[in-house]
Amino acid sequence: VNLRWSGDTLLLVEWQQTIDPAINQHAIDLGARLQARIGHVVRDIVPGYCSLGIHIDPLHTDLGALERVIREEERRLGRRETSPERPVIELAVRYGGEEGPDLPALAEWAGCSVEDVIERHASRTYRVYMLGFVPGFAYLGRVDGSIAAPRHRLPRERVPPGSVGIAGEQTGVYPIATPGGWQLIGRTDAVMFDSARAVPSLLHPGDLVRFVPLPRSG
Amino acid sequence: MMQGTIHVVRPGLLTTVQDLGRWGHQATGVPVAGPMDTFSHRLANLLVGNPPDAATLEITLIGPELEFDTPAMIAVCGAEFDVAADGQAMIIGASYQLERGSRVQFGRRHTGARAYLAVRGGVLTPAVLGSRATHLVSGMGGWHGRALVAGDRLPMRASVERIAARRAMGLTLPASNRARLRLLPGAQADWFEPSALQTLTHVSFRVSPRSNRMGYRLAGPPLARKRTEEPIFRAAGVRGSASSHRRGADSVDGRSTNRRRVSENRIRHCRGSASRGATRTRRFHRVRVLFSS
(Lines give C-alpha, C1' and ligand atoms only; values in the text may rest on other atoms or scores of the structure.)
Protein backbone atom coordinates (compact mmCIF):
# COMPACT_ATOMS: atom_id res chain seq x y z
CA VAL A 1 0.00 0.00 0.00
CA ASN A 2 1.17 3.44 -0.93
CA LEU A 3 0.19 6.69 0.78
CA ARG A 4 0.41 9.77 -1.33
CA TRP A 5 -0.66 13.34 -0.63
CA SER A 6 -2.57 15.17 -3.32
CA GLY A 7 -2.12 18.75 -2.26
CA ASP A 8 -2.54 19.41 1.45
CA THR A 9 -6.11 18.20 1.99
CA LEU A 10 -6.35 14.80 0.31
CA LEU A 11 -4.46 11.68 1.24
CA LEU A 12 -4.68 8.91 -1.35
CA VAL A 13 -4.20 5.33 -0.26
CA GLU A 14 -3.21 3.46 -3.39
CA TRP A 15 -2.88 -0.19 -4.30
CA GLN A 16 -1.76 -1.87 -7.48
CA GLN A 17 -3.22 0.14 -10.34
CA THR A 18 -5.53 -2.41 -11.88
CA ILE A 19 -9.23 -3.25 -12.06
CA ASP A 20 -9.49 -6.13 -9.64
CA PRO A 21 -12.57 -6.85 -7.49
CA ALA A 22 -10.38 -7.98 -4.59
CA ILE A 23 -8.31 -4.79 -4.59
CA ASN A 24 -11.43 -2.67 -4.98
CA GLN A 25 -13.08 -4.51 -2.08
CA HIS A 26 -9.96 -3.96 -0.03
CA ALA A 27 -10.28 -0.20 -0.62
CA ILE A 28 -13.98 -0.27 0.29
CA ASP A 29 -13.36 -2.33 3.42
CA LEU A 30 -10.57 -0.05 4.57
CA GLY A 31 -12.88 2.91 3.95
CA ALA A 32 -15.56 1.33 6.16
CA ARG A 33 -13.09 0.63 8.96
CA LEU A 34 -11.68 4.13 8.81
CA GLN A 35 -15.18 5.59 8.73
CA ALA A 36 -15.96 3.78 11.97
CA ARG A 37 -12.71 4.78 13.63
CA ILE A 38 -11.89 8.27 12.39
CA GLY A 39 -14.95 9.24 10.30
CA HIS A 40 -15.83 12.00 12.75
CA VAL A 41 -12.48 13.77 12.39
CA VAL A 42 -12.02 13.62 8.61
CA ARG A 43 -14.11 15.39 5.97
CA ASP A 44 -14.78 12.49 3.64
CA ILE A 45 -13.64 8.99 2.75
CA VAL A 46 -13.97 8.11 -0.92
CA PRO A 47 -13.20 4.73 -2.50
CA GLY A 48 -11.87 4.66 -6.08
CA TYR A 49 -11.18 1.69 -8.36
CA CYS A 50 -7.96 0.83 -6.58
CA SER A 51 -7.54 3.70 -4.16
CA LEU A 52 -9.11 5.33 -1.15
CA GLY A 53 -9.23 9.08 -0.83
CA ILE A 54 -9.28 10.66 2.62
CA HIS A 55 -10.16 14.35 2.73
CA ILE A 56 -8.90 16.18 5.76
CA ASP A 57 -8.55 19.66 7.18
CA PRO A 58 -4.76 20.05 7.54
CA LEU A 59 -5.17 22.60 10.31
CA HIS A 60 -7.14 20.18 12.46
CA THR A 61 -5.46 16.85 11.73
CA ASP A 62 -2.51 15.05 13.20
CA LEU A 63 -1.08 13.85 9.91
CA GLY A 64 1.36 11.39 11.44
CA ALA A 65 -1.37 9.77 13.50
CA LEU A 66 -3.61 9.61 10.45
CA GLU A 67 -1.01 7.74 8.43
CA ARG A 68 -0.35 5.37 11.32
CA VAL A 69 -4.06 4.57 11.72
CA ILE A 70 -4.43 3.91 8.01
CA ARG A 71 -1.46 1.53 7.90
CA GLU A 72 -2.64 -0.22 11.03
CA GLU A 73 -6.17 -0.81 9.74
CA GLU A 74 -4.85 -1.80 6.33
CA ARG A 75 -2.68 -4.52 7.84
CA ARG A 76 -5.66 -5.97 9.68
CA LEU A 77 -7.77 -6.37 6.56
CA GLY A 78 -8.36 -9.73 5.00
CA ARG A 79 -8.64 -10.32 1.30
CA ARG A 80 -12.07 -10.89 -0.23
CA GLU A 81 -13.87 -10.22 -3.46
CA THR A 82 -17.33 -9.07 -2.39
CA SER A 83 -19.03 -7.68 0.63
CA PRO A 84 -21.06 -10.25 2.52
CA GLU A 85 -24.83 -10.34 2.11
CA ARG A 86 -24.91 -8.22 -1.00
CA PRO A 87 -27.95 -9.13 -3.08
CA VAL A 88 -27.82 -8.53 -6.82
CA ILE A 89 -29.68 -5.31 -7.66
CA GLU A 90 -31.68 -5.65 -10.87
CA LEU A 91 -32.22 -2.71 -13.19
CA ALA A 92 -34.93 -3.14 -15.84
CA VAL A 93 -33.78 -1.61 -19.14
CA ARG A 94 -35.53 -0.78 -22.38
CA TYR A 95 -32.73 -1.35 -24.90
CA GLY A 96 -32.44 0.43 -28.22
CA GLY A 97 -34.82 2.78 -30.00
CA GLU A 98 -34.79 6.46 -29.11
CA GLU A 99 -33.74 5.59 -25.59
CA GLY A 100 -30.65 3.72 -26.74
CA PRO A 101 -29.59 5.68 -29.82
CA ASP A 102 -26.06 4.24 -30.02
CA LEU A 103 -27.12 0.59 -30.00
CA PRO A 104 -27.11 0.00 -33.79
CA ALA A 105 -23.72 1.67 -34.28
CA LEU A 106 -22.31 -0.23 -31.33
CA ALA A 107 -23.54 -3.51 -32.85
CA GLU A 108 -21.81 -2.57 -36.07
CA TRP A 109 -18.62 -1.69 -34.17
CA ALA A 110 -18.81 -5.08 -32.42
CA GLY A 111 -19.62 -6.93 -35.66
CA CYS A 112 -22.71 -8.55 -34.20
CA SER A 113 -26.45 -8.06 -34.07
CA VAL A 114 -28.24 -5.61 -31.80
CA GLU A 115 -29.73 -8.60 -29.97
CA ASP A 116 -26.23 -9.95 -29.36
CA VAL A 117 -25.16 -6.64 -27.80
CA ILE A 118 -28.19 -6.67 -25.50
CA GLU A 119 -27.55 -10.28 -24.59
CA ARG A 120 -23.88 -9.63 -23.82
CA HIS A 121 -24.64 -6.54 -21.78
CA ALA A 122 -27.49 -8.12 -19.82
CA SER A 123 -25.92 -11.53 -19.19
CA ARG A 124 -23.27 -10.30 -16.77
CA THR A 125 -23.37 -9.40 -13.13
CA TYR A 126 -21.50 -6.15 -12.69
CA ARG A 127 -19.68 -4.81 -9.72
CA VAL A 128 -20.05 -1.20 -8.54
CA TYR A 129 -16.39 -0.20 -8.38
CA MET A 130 -17.05 3.35 -7.34
CA LEU A 131 -19.39 6.32 -7.70
CA GLY A 132 -18.56 9.80 -8.88
CA PHE A 133 -19.30 12.54 -11.42
CA VAL A 134 -22.82 13.32 -10.16
CA PRO A 135 -24.87 11.94 -7.24
CA GLY A 136 -25.62 8.25 -7.76
CA PHE A 137 -23.48 7.74 -10.87
CA ALA A 138 -21.92 4.28 -10.48
CA TYR A 139 -19.00 2.93 -12.47
CA LEU A 140 -19.84 -0.72 -13.20
CA GLY A 141 -17.47 -3.32 -14.57
CA ARG A 142 -16.45 -5.14 -16.45
CA VAL A 143 -18.21 -5.04 -19.78
CA ASP A 144 -17.70 -7.91 -22.25
CA GLY A 145 -14.66 -6.86 -24.28
CA SER A 146 -16.48 -7.44 -27.59
CA ILE A 147 -18.95 -4.61 -26.86
CA ALA A 148 -16.57 -2.35 -24.93
CA ALA A 149 -16.73 0.54 -27.40
CA PRO A 150 -14.89 3.73 -26.44
CA ARG A 151 -16.79 6.83 -25.44
CA HIS A 152 -17.75 9.38 -28.08
CA ARG A 153 -15.11 11.87 -29.05
CA LEU A 154 -17.58 14.69 -28.61
CA PRO A 155 -19.89 14.29 -25.63
CA ARG A 156 -23.61 14.88 -26.06
CA GLU A 157 -24.75 18.11 -24.48
CA ARG A 158 -27.61 16.40 -22.72
CA VAL A 159 -28.01 12.75 -21.84
CA PRO A 160 -31.50 12.02 -20.43
CA PRO A 161 -31.76 10.61 -16.91
CA GLY A 162 -31.90 6.82 -16.70
CA SER A 163 -29.77 6.39 -19.82
CA VAL A 164 -27.65 3.24 -19.75
CA GLY A 165 -24.24 3.69 -21.30
CA ILE A 166 -21.02 1.89 -22.13
CA ALA A 167 -17.55 3.45 -22.07
CA GLY A 168 -14.90 0.87 -22.72
CA GLU A 169 -15.15 -1.84 -20.11
CA GLN A 170 -17.31 0.35 -17.89
CA THR A 171 -21.08 0.60 -17.93
CA GLY A 172 -23.38 2.82 -15.94
CA VAL A 173 -26.65 4.72 -15.62
CA TYR A 174 -26.94 8.51 -15.80
CA PRO A 175 -28.98 9.48 -12.70
CA ILE A 176 -29.81 12.99 -13.96
CA ALA A 177 -29.67 14.88 -17.24
CA THR A 178 -26.06 15.89 -17.82
CA PRO A 179 -23.62 16.20 -20.67
CA GLY A 180 -22.12 12.79 -21.37
CA GLY A 181 -19.95 10.89 -23.81
CA TRP A 182 -20.89 7.28 -23.16
CA GLN A 183 -22.44 4.99 -25.78
CA LEU A 184 -26.16 5.02 -24.97
CA ILE A 185 -27.81 1.64 -25.39
CA GLY A 186 -31.02 1.88 -23.37
CA ARG A 187 -32.84 3.45 -20.47
CA THR A 188 -34.11 2.45 -17.05
CA ASP A 189 -36.83 4.00 -14.90
CA ALA A 190 -34.91 3.19 -11.71
CA VAL A 191 -34.34 6.28 -9.56
CA MET A 192 -30.59 6.15 -9.03
CA PHE A 193 -30.45 8.95 -6.46
CA ASP A 194 -33.03 10.78 -4.37
CA SER A 195 -31.75 12.94 -1.53
CA ALA A 196 -35.17 12.65 0.19
CA ARG A 197 -34.85 8.87 0.58
CA ALA A 198 -33.50 7.39 3.79
CA VAL A 199 -30.74 5.87 1.66
CA PRO A 200 -30.36 8.39 -1.19
CA SER A 201 -28.17 6.38 -3.56
CA LEU A 202 -29.56 3.19 -5.10
CA LEU A 203 -26.03 1.86 -5.58
CA HIS A 204 -22.99 1.79 -3.30
CA PRO A 205 -19.39 0.73 -3.79
CA GLY A 206 -19.15 -3.07 -3.84
CA ASP A 207 -22.78 -3.64 -4.87
CA LEU A 208 -23.65 -6.14 -7.58
CA VAL A 209 -25.90 -5.15 -10.48
CA ARG A 210 -27.69 -6.93 -13.32
CA PHE A 211 -29.49 -5.33 -16.24
CA VAL A 212 -32.78 -7.02 -17.17
CA PRO A 213 -34.03 -6.35 -20.72
CA LEU A 214 -37.66 -5.23 -20.91
CA PRO A 215 -39.67 -6.23 -23.95
CA ARG A 216 -40.16 -3.22 -26.20
CA SER A 217 -43.73 -2.24 -26.88
CA GLY A 218 -44.61 -1.90 -30.59
CA MET B 1 -36.06 33.21 16.75
CA MET B 2 -37.81 35.48 14.36
CA GLN B 3 -37.95 34.45 10.76
CA GLY B 4 -37.10 36.96 8.09
CA THR B 5 -37.15 36.94 4.32
CA ILE B 6 -34.74 38.08 1.63
CA HIS B 7 -36.82 39.10 -1.34
CA VAL B 8 -34.95 38.80 -4.64
CA VAL B 9 -35.91 41.84 -6.68
CA ARG B 10 -33.25 41.26 -9.36
CA PRO B 11 -31.21 38.05 -9.20
CA GLY B 12 -27.95 39.18 -10.83
CA LEU B 13 -26.08 36.95 -13.26
CA LEU B 14 -25.55 33.87 -11.12
CA THR B 15 -26.41 34.17 -7.45
CA THR B 16 -26.46 30.96 -5.42
CA VAL B 17 -26.70 29.94 -1.78
CA GLN B 18 -23.42 28.42 -0.54
CA ASP B 19 -22.05 27.09 2.72
CA LEU B 20 -18.78 25.24 3.29
CA GLY B 21 -20.05 22.29 1.27
CA ARG B 22 -21.73 18.94 1.32
CA TRP B 23 -19.05 16.75 2.81
CA GLY B 24 -19.32 13.07 3.64
CA HIS B 25 -21.22 11.81 0.59
CA GLN B 26 -18.61 11.66 -2.15
CA ALA B 27 -18.59 7.87 -1.92
CA THR B 28 -22.03 7.99 -3.55
CA GLY B 29 -20.93 10.60 -6.07
CA VAL B 30 -22.30 13.68 -4.30
CA PRO B 31 -20.13 16.68 -5.17
CA VAL B 32 -19.10 18.93 -2.30
CA ALA B 33 -20.07 22.26 -3.90
CA GLY B 34 -19.58 25.30 -1.64
CA PRO B 35 -18.11 28.75 -2.26
CA MET B 36 -15.59 29.30 -5.04
CA ASP B 37 -13.83 31.75 -2.76
CA THR B 38 -13.92 30.19 0.68
CA PHE B 39 -11.87 32.99 2.23
CA SER B 40 -14.36 35.72 1.34
CA HIS B 41 -17.28 33.51 2.35
CA ARG B 42 -15.74 32.95 5.77
CA LEU B 43 -14.78 36.57 6.18
CA ALA B 44 -18.31 37.76 5.37
CA ASN B 45 -19.66 35.35 7.98
CA LEU B 46 -17.12 36.51 10.53
CA LEU B 47 -18.13 40.13 10.06
CA VAL B 48 -21.75 39.41 11.00
CA GLY B 49 -20.85 37.06 13.84
CA ASN B 50 -21.76 33.81 12.06
CA PRO B 51 -19.94 30.48 12.24
CA PRO B 52 -17.90 29.90 9.04
CA ASP B 53 -20.33 27.32 7.66
CA ALA B 54 -23.39 29.60 7.73
CA ALA B 55 -24.90 29.91 4.26
CA THR B 56 -24.13 33.07 2.27
CA LEU B 57 -25.11 34.29 -1.17
CA GLU B 58 -22.41 33.85 -3.81
CA ILE B 59 -22.67 36.68 -6.32
CA THR B 60 -21.09 36.40 -9.76
CA LEU B 61 -20.02 39.28 -12.04
CA ILE B 62 -23.41 41.06 -11.94
CA GLY B 63 -24.91 41.52 -8.51
CA PRO B 64 -28.51 41.33 -7.37
CA GLU B 65 -31.00 43.69 -5.81
CA LEU B 66 -32.40 42.38 -2.55
CA GLU B 67 -35.02 43.51 -0.08
CA PHE B 68 -34.95 42.51 3.58
CA ASP B 69 -38.36 42.37 5.27
CA THR B 70 -36.97 42.45 8.81
CA PRO B 71 -33.98 44.14 10.43
CA ALA B 72 -30.82 42.37 9.29
CA MET B 73 -27.11 42.63 9.70
CA ILE B 74 -25.19 41.99 6.48
CA ALA B 75 -21.66 42.10 5.08
CA VAL B 76 -20.30 41.76 1.56
CA CYS B 77 -16.78 40.43 0.90
CA GLY B 78 -14.77 39.40 -2.14
CA ALA B 79 -15.05 41.15 -5.50
CA GLU B 80 -15.20 44.95 -5.35
CA PHE B 81 -18.69 45.99 -6.35
CA ASP B 82 -20.46 49.27 -5.81
CA VAL B 83 -23.06 48.27 -3.25
CA ALA B 84 -25.68 50.51 -1.70
CA ALA B 85 -28.22 49.99 1.05
CA ASP B 86 -31.19 52.32 0.53
CA GLY B 87 -28.96 54.50 -1.60
CA GLN B 88 -26.15 54.71 0.97
CA ALA B 89 -22.84 53.34 -0.29
CA MET B 90 -21.57 50.26 1.56
CA ILE B 91 -17.94 49.27 1.99
CA ILE B 92 -16.85 45.81 0.89
CA GLY B 93 -15.54 43.98 3.94
CA ALA B 94 -17.68 45.65 6.60
CA SER B 95 -20.92 44.80 8.38
CA TYR B 96 -24.04 46.95 8.37
CA GLN B 97 -27.25 46.90 10.35
CA LEU B 98 -30.23 47.27 8.02
CA GLU B 99 -33.67 48.47 9.01
CA ARG B 100 -36.76 46.57 8.05
CA GLY B 101 -37.59 46.97 4.35
CA SER B 102 -34.06 47.91 3.34
CA ARG B 103 -33.05 47.44 -0.25
CA VAL B 104 -29.50 46.39 -1.13
CA GLN B 105 -28.43 47.11 -4.69
CA PHE B 106 -25.30 45.90 -6.41
CA GLY B 107 -23.95 48.22 -9.05
CA ARG B 108 -20.76 48.39 -11.03
CA ARG B 109 -18.07 45.77 -10.48
CA HIS B 110 -14.51 47.08 -10.28
CA THR B 111 -12.32 44.04 -9.68
CA GLY B 112 -12.83 40.37 -8.99
CA ALA B 113 -15.59 38.06 -10.05
CA ARG B 114 -17.39 36.78 -6.99
CA ALA B 115 -18.64 38.45 -3.86
CA TYR B 116 -20.29 36.91 -0.80
CA LEU B 117 -23.18 38.44 1.07
CA ALA B 118 -23.58 37.13 4.59
CA VAL B 119 -26.57 37.85 6.76
CA ARG B 120 -26.42 37.48 10.53
CA GLY B 121 -27.95 34.10 11.42
CA GLY B 122 -27.38 32.79 7.92
CA VAL B 123 -29.53 32.14 4.89
CA LEU B 124 -31.87 29.42 6.08
CA THR B 125 -32.84 27.54 2.94
CA PRO B 126 -33.45 23.82 3.60
CA ALA B 127 -30.34 21.72 4.14
CA VAL B 128 -29.94 18.74 1.80
CA LEU B 129 -27.69 15.95 3.09
CA GLY B 130 -26.48 18.26 5.79
CA SER B 131 -25.61 21.26 3.63
CA ARG B 132 -27.25 24.30 2.06
CA ALA B 133 -24.63 24.58 -0.70
CA THR B 134 -26.05 24.80 -4.22
CA HIS B 135 -24.78 22.27 -6.76
CA LEU B 136 -26.16 23.48 -10.05
CA VAL B 137 -25.42 20.43 -12.22
CA SER B 138 -27.34 18.05 -9.98
CA GLY B 139 -29.89 20.66 -8.89
CA MET B 140 -29.13 19.99 -5.24
CA GLY B 141 -29.25 22.30 -2.24
CA GLY B 142 -29.54 26.06 -2.09
CA TRP B 143 -32.88 27.40 -3.22
CA HIS B 144 -34.54 24.59 -5.20
CA GLY B 145 -31.11 23.55 -6.46
CA ARG B 146 -30.78 26.52 -8.78
CA ALA B 147 -29.52 30.06 -9.12
CA LEU B 148 -31.81 32.71 -7.70
CA VAL B 149 -34.50 34.28 -9.88
CA ALA B 150 -36.56 37.44 -9.40
CA GLY B 151 -39.38 36.88 -6.95
CA ASP B 152 -37.57 34.27 -4.82
CA ARG B 153 -38.11 34.71 -1.09
CA LEU B 154 -35.30 33.19 0.93
CA PRO B 155 -35.77 32.43 4.60
CA MET B 156 -33.25 33.99 6.93
CA ARG B 157 -33.01 34.71 10.62
CA ALA B 158 -34.11 38.18 11.55
CA SER B 159 -31.55 39.90 13.72
CA VAL B 160 -33.23 42.20 16.15
CA GLU B 161 -30.45 42.43 18.70
CA ARG B 162 -27.90 45.01 17.75
CA ILE B 163 -24.27 44.08 17.64
CA ALA B 164 -21.43 46.41 16.82
CA ALA B 165 -20.61 46.73 13.15
CA ARG B 166 -17.25 45.23 12.19
CA ARG B 167 -14.76 45.98 9.51
CA ALA B 168 -12.03 43.79 8.04
CA MET B 169 -8.87 45.84 8.09
CA GLY B 170 -6.30 44.70 5.56
CA LEU B 171 -7.77 41.23 5.46
CA THR B 172 -9.14 41.27 1.96
CA LEU B 173 -6.77 39.84 -0.61
CA PRO B 174 -5.77 42.00 -3.56
CA ALA B 175 -8.04 41.34 -6.49
CA SER B 176 -6.03 42.51 -9.44
CA ASN B 177 -6.30 41.12 -12.92
CA ARG B 178 -3.27 38.99 -12.25
CA ALA B 179 -3.56 36.28 -9.65
CA ARG B 180 -0.72 34.31 -8.15
CA LEU B 181 -1.81 30.82 -7.25
CA ARG B 182 0.24 28.82 -4.83
CA LEU B 183 0.54 25.16 -5.62
CA LEU B 184 1.72 21.85 -4.30
CA PRO B 185 2.67 18.88 -6.46
CA GLY B 186 -0.34 16.68 -7.12
CA ALA B 187 -0.88 12.94 -7.09
CA GLN B 188 0.02 12.67 -10.77
CA ALA B 189 2.83 15.21 -10.80
CA ASP B 190 5.25 12.44 -11.75
CA TRP B 191 3.33 11.88 -14.97
CA PHE B 192 4.84 15.11 -16.22
CA GLU B 193 8.33 16.17 -17.23
CA PRO B 194 10.06 18.42 -14.73
CA SER B 195 9.83 21.12 -17.37
CA ALA B 196 6.03 21.06 -16.97
CA LEU B 197 6.33 22.48 -13.48
CA GLN B 198 8.72 25.08 -14.83
CA THR B 199 6.17 26.04 -17.46
CA LEU B 200 3.43 26.12 -14.87
CA THR B 201 5.34 28.43 -12.59
CA HIS B 202 6.98 30.70 -15.15
CA VAL B 203 4.21 31.43 -17.61
CA SER B 204 0.98 33.29 -17.14
CA PHE B 205 -2.15 31.45 -18.14
CA ARG B 206 -5.25 33.16 -19.38
CA VAL B 207 -8.67 32.28 -18.02
CA SER B 208 -10.89 31.20 -20.88
CA PRO B 209 -14.50 32.38 -21.02
CA ARG B 210 -15.44 28.69 -21.07
CA SER B 211 -15.07 28.52 -17.31
CA ASN B 212 -17.74 27.84 -14.75
CA ARG B 213 -18.21 26.72 -11.15
CA MET B 214 -16.88 23.31 -12.12
CA GLY B 215 -13.56 24.61 -13.34
CA TYR B 216 -11.49 27.38 -14.85
CA ARG B 217 -10.13 26.62 -18.29
CA LEU B 218 -6.69 28.10 -18.63
CA ALA B 219 -5.08 28.84 -21.95
CA GLY B 220 -1.31 28.61 -22.10
CA PRO B 221 1.57 26.50 -23.34
CA PRO B 222 1.21 22.71 -23.15
CA LEU B 223 2.67 20.87 -20.18
CA ALA B 224 5.17 18.21 -21.27
CA ARG B 225 4.20 14.71 -20.26
CA LYS B 226 6.24 11.69 -19.41
CA ARG B 227 3.33 9.31 -19.69
CA THR B 228 0.88 9.86 -22.48
CA GLU B 229 -1.69 7.13 -21.93
CA GLU B 230 -5.03 7.99 -20.46
CA PRO B 231 -5.29 6.40 -17.06
CA ILE B 232 -8.59 4.69 -16.49
CA PHE B 233 -8.55 4.49 -12.76
CA ARG B 234 -10.63 7.14 -11.18
CA ALA B 235 -9.81 8.20 -7.70
CA ALA B 236 -10.82 10.85 -5.27
CA GLY B 237 -10.00 14.35 -6.42
CA VAL B 238 -9.35 17.52 -4.57
CA ARG B 239 -10.78 20.94 -5.16
CA GLY B 240 -8.32 23.39 -6.51
CA SER B 241 -6.55 20.80 -8.63
CA ALA B 242 -4.67 21.96 -11.68
CA SER B 243 -5.32 19.46 -14.44
CA SER B 244 -3.73 19.03 -17.80
CA HIS B 245 -5.93 17.40 -20.38
CA ARG B 246 -4.69 15.80 -23.52
CA ARG B 247 -6.99 17.99 -25.55
CA GLY B 248 -4.64 20.78 -24.61
CA ALA B 249 -6.88 22.81 -22.36
CA ASP B 250 -5.42 23.13 -18.92
CA SER B 251 -7.79 23.81 -16.14
CA VAL B 252 -8.03 24.53 -12.49
CA ASP B 253 -10.91 22.69 -10.93
CA GLY B 254 -12.84 24.97 -8.71
CA ARG B 255 -14.98 22.14 -7.56
CA SER B 256 -14.13 18.93 -5.95
CA THR B 257 -15.51 15.47 -6.56
CA ASN B 258 -14.09 12.18 -7.49
CA ARG B 259 -15.35 12.49 -11.03
CA ARG B 260 -12.08 13.68 -12.40
CA ARG B 261 -10.06 11.78 -14.93
CA VAL B 262 -6.86 10.97 -13.26
CA SER B 263 -4.87 12.06 -16.25
CA GLU B 264 -3.95 15.15 -14.43
CA ASN B 265 -1.50 16.86 -12.38
CA ARG B 266 -3.11 17.43 -9.03
CA ILE B 267 -2.13 20.61 -7.43
CA ARG B 268 -3.90 22.48 -4.74
CA HIS B 269 -3.75 26.16 -5.14
CA CYS B 270 -5.05 29.22 -3.48
CA ARG B 271 -8.50 28.86 -4.90
CA GLY B 272 -9.77 32.06 -3.43
CA SER B 273 -7.63 34.30 -5.50
CA ALA B 274 -8.66 32.41 -8.61
CA SER B 275 -12.25 33.30 -7.89
CA ARG B 276 -11.68 36.88 -7.09
CA GLY B 277 -10.21 37.80 -10.43
CA ALA B 278 -12.38 36.37 -13.13
CA THR B 279 -11.22 37.13 -16.54
CA ARG B 280 -7.55 37.76 -16.76
CA THR B 281 -4.46 35.73 -16.14
CA ARG B 282 -3.24 33.18 -13.66
CA ARG B 283 0.29 32.57 -12.65
CA PHE B 284 1.29 29.57 -10.61
CA HIS B 285 3.73 29.84 -7.81
CA ARG B 286 5.26 26.80 -6.24
CA VAL B 287 5.27 26.45 -2.49
CA ARG B 288 6.96 23.98 -0.23
CA VAL B 289 5.07 21.16 1.38
CA LEU B 290 4.92 21.82 5.06
CA PHE B 291 3.90 18.39 6.23
CA SER B 292 5.76 16.57 8.86
CA SER B 293 4.93 13.14 10.14
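Each chain gets a letter, A, B and so on, in the order the sequences are listed, and its residues count up from 1.
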Between the OG atom in B:Ser138 and the CZ atom in A:Phe137, the distance rounded to the nearest 0.5 Å is 14.0 Å

If one checks every heavy atom of A:Ser195 against chain B at 4.5 Å, the contacting part turns out to be both

Honestly, the part of B:Val128 sitting under 4.5 Å from a heavy atom of chain A is side chain

d(A:Asp57 CG, B:Trp23 CH2) to nearest 0.5 Å is 9.0 Å

Applying a strict 4.5 Å limit to non-hydrogen atoms, the region of A:Pro175 in contact with chain B is neither

Closest non-hydrogen atoms of B:Thr28 and A:Leu203, given as atom of the first, atom of the second and distance, are CG2-O, 4.3 Å

Taken to the nearest 0.5 Å, the spacing of A:Asp44 CG from B:Arg22 CZ works out to 12.0 Å

So, the part of A:Ile54 with a heavy atom under 4.5 Å from chain B: the answer is neither

Rounding to 0.5 Å, atoms CG (B:Leu20) and CZ (A:Arg43) come to a distance of 8.0 Å

query: Would a 4.5 Å heavy-atom cut-off, applied to side chains only, mark A:Pro135 and B:Pro31 as touching?
result: yes

Checklist entry - Considering only heavy atoms from C-beta outward, does the side chain of B:Asp190 approach that of A:Arg4 to under 4.5 Å? => result yes

Value for CG (B:Leu129) from CZ (A:Phe193), rounded to nearest 0.5 Å, stands at 5.0 Å

